[in-house]
Every structure is written in structure tokens, then in C-alpha cells.
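What you see is a predicted model; the values in this text were computed from it and never measured.
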Amino acid sequence: MVHALEKIRRLLRPGGVLVDIHPPPEPSSIDVRIGGQLHPVGWLRDTDDYGDYEAADAALATIVARGLFTVERQGAFSFLTHVDTPAELRRYLAEEWENASIDDVTTARIEEWMSTSERDKEIILRESVRIARLAPIPKA
Amino acid sequence: MPVRTDPEDSEATALFDFAGDLAGKRVLEIGCGDGRLTWRYADRAARVVAIDPDADEIAIAQEDLPPSLARRDRVVFKAVSIQDFEPVEPVFDVVILSWAL
């Protein structure tokens, strides 16, 4: 990862910027929305990826410590995925997020809320994603 | 309804906030996948090179090229990792690491 960042530095013109977007090594929250109300039901975990995200943080820290980049700004945003049924959620996870897991309690809560007769309802996955703007530091 | 990924456009909004004005800029996106984010900013940039090592994802991105970006040479997708990527003109104003580190 550090090598990739070194290469990116070579590809950036002076005055250019690197924008890094990646999730933190934390579970995503799951809500069920029924009408105008959000009901927190639990978490989705993808522990296989957490090591990668921690390594990404470490690589960024390394290139900053080595004086190759400086962090100009950091922030976060919520990245939401909306699905209409528990079956659709299972399909989506199987196809797009194969290492993700949802514990039995959360699954039961989803099924319970989604079984209500209200028609305006959906399941919402919420990832808190980090974003940072870094600028290359010119060689002395 | 199908699965809706970021219909709020939060990712692109954050990108514009952090990357600044992309007008006239050459952008390299690393980890573009199927182009989900690429299409949300590409029309603002002068040129976009979007790479991902997954050839299947790149094929989807090329297939999904929106009509609004009919000038295909403005956005180029390449199935390659950053390690193996050797651009003809190795100068970019903005590099986006899209969930890729």
C-alpha cells in the first residue's frame, strides 16, 4: 500500500491532490424505515475487510510521517444502501458483499419490522465512510 | 425496486467538497469498479482515467457508459492495478483512491 501511495505521488503534478475514500474497520448499522420512522435493528459485520482498512490507515500514516504527503482535510459521510425486502438483502449480500455477516438477533429484528402491514418500508445499510484530502509535499 | 446504492449522492457530494472544482482537471480514479462513482463526476473533469484490476467490473463500467459522456475518449477505463499502471502522460491533477487502498 505504501508503494502504491509513492507511485500516486509520482503521478500527481505539483499542486495536485489525492482524495482517499475508504470505510473504517467498523460494522455498518442497519435500520428499518417504516413510513417516516427509522428503527435501528443491528449491525452488519465484514471482519475480513477490517484488516485491509486498518492497513490503509497505517499506510496513509506512514506516507505522512515520511513527509511525502500532508493531510489537508479529513471528514466522513454516510453511504446508504436501500433494499426493499429481507430476501433482496440476502441476495445483495451474497452477490456483492460475500464476507458480510448479520447476526441472528439482527436478522430476526429485520424480519419482524419488515413483516408489518405498512407498505412504505425498506431496509437501510449505513456505512460511515472516511474521506481525506492529501497534498504531495515537494522534494526538498 | 432494485437495490439503491447511495441514491442520496453522498459520496459524490463529499468528493466534490474535498477534491474541489474538477473543471479542466485530469483525474485518475483508482479502484473504480463498475464505474459507480466515475459517472457521477466524469462530466465535470477534462479527462478521466479510471482503473481497476477486476476486468469484469471494468467491462461493466464500459458497457454502462452514459450517453451524456458520448465522447468516449474523455473517460478511459483500464483493467489494471495501480502497481502495473503506466500512463502515457503520467500527470494528474486529482487522484481518487476509491475504497481501494
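- Put simply, A:L89 and A:W43 are part of two different groups of oily side chains (I, L, V, M, F, W, Y) that touch within less than 4.5 Å, one to the next.
- Distance alone, capped at 3.5 Å, is enough to place a donor-acceptor pair between the A:K7 side chain and the B:F85 backbone.
- Contact of A:A132 with chain B is made through the backbone alone, with heavy-atom distances under 4.5 Å.
- Atom CZ of A:R33 has more than 12 neighbouring heavy atoms from other residues, nucleotides or ligands inside a 6.0 Å radius.
- Residues B:F16 and B:V75 share a single hydrophobic cluster, defined by chaining ILVMFWY side chains whose heavy atoms lie under 4.5 Å apart.
- Heavy atoms of B:D17 lying under 4.5 Å from chain A belong to its backbone as well as its side chain.
- Listed for the A:R13 side chain is no donor-acceptor partner under 3.5 Å among the backbone atoms of B:V91.
- Only the side chain of B:E8 comes within contact range of chain A, judged by heavy atoms closer than 4.5 Å.
- With a 4.5 Å cut-off on non-hydrogen atoms, B:L15 touches chain A through its backbone and its side chain both.
- Of the residues considered (A:R130, A:R91, A:H3, A:E127), A:E127 shows the highest number of contacts with chain B, using heavy-atom pairs under 4.5 Å.
- Minimum interatomic distance between B:Q83 and A:A4 (heavy atoms only, all atoms of both residues): NE2-CB, 4.3 Å.
- Tested against B:L97, the residues A:I21, A:L134, A:I8, A:V19 include a single side-chain contact (heavy atoms from CB on, under 4.5 Å) partner, A:I8.
- The greatest number of non-hydrogen atom pairs below 4.5 Å with chain A, out of B:I96, B:V95, B:T13, is found for B:V95.
- Under the 4.0 Å criterion applied to side-chain N and carboxylate O atoms, A:D84 and B:R4 are assigned as salt-bridge partners.
- The contact between A:V17 and chain B is made by backbone and side chain atoms together, counting heavy-atom distances below 4.5 Å.
- No continuous path of hydrophobic side-chain contacts links A:L80 to A:V32 [ILVMFWY only; heavy atoms under 4.5 Å].
- A:Y50 and A:I102 fall into different hydrophobic clusters, defined by Ile, Leu, Val, Met, Phe, Trp and Tyr side-chain heavy atoms under 4.5 Å apart, directly or through other members.
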Practice problem: Go through the steps for B:L28 and A:L11 under the test side-chain contact (heavy atoms from CB on, under 4.5 Å), then give the verdict. | Solution: CA-CA 9 Å; B:L28 169 64; A:L11 296 177; 3.7 Å; yes
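- Taking A:L125, A:L18, A:V83, A:I124 one by one and counting their heavy-atom pairs under 4.5 Å with chain B, the maximum is reached by A:L18.
- Residues A:F77 and B:E11 share a closest heavy-atom pair of CE1-CA, 3.6 Å.
- Contact tally against chain A (heavy-atom pairs below 4.5 Å) for B:T5, B:V3, B:D9, B:I82: the top residue is B:V3.
- In this structure, chain B has no heavy atom under 4.5 Å from any part of A:E72.
- Proximity of the aromatic rings of A:F79 and B:W99 is defined here by a centroid distance below 6.0 angstrom, and this criterion is met.
- With a threshold of 4.5 angstrom between heavy atoms, A:E6 does not approach chain B through any atom at all.
- Note on B:V49 and B:I60: separate hydrophobic clusters, where clusters join Ile, Leu, Val, Met, Phe, Trp and Tyr whose side-chain heavy atoms are under 4.5 Å apart, directly or indirectly.
- For the set A:E96, A:H82, A:E88, the count of heavy-atom pairs under 4.5 angstrom toward chain B peaks at A:H82.
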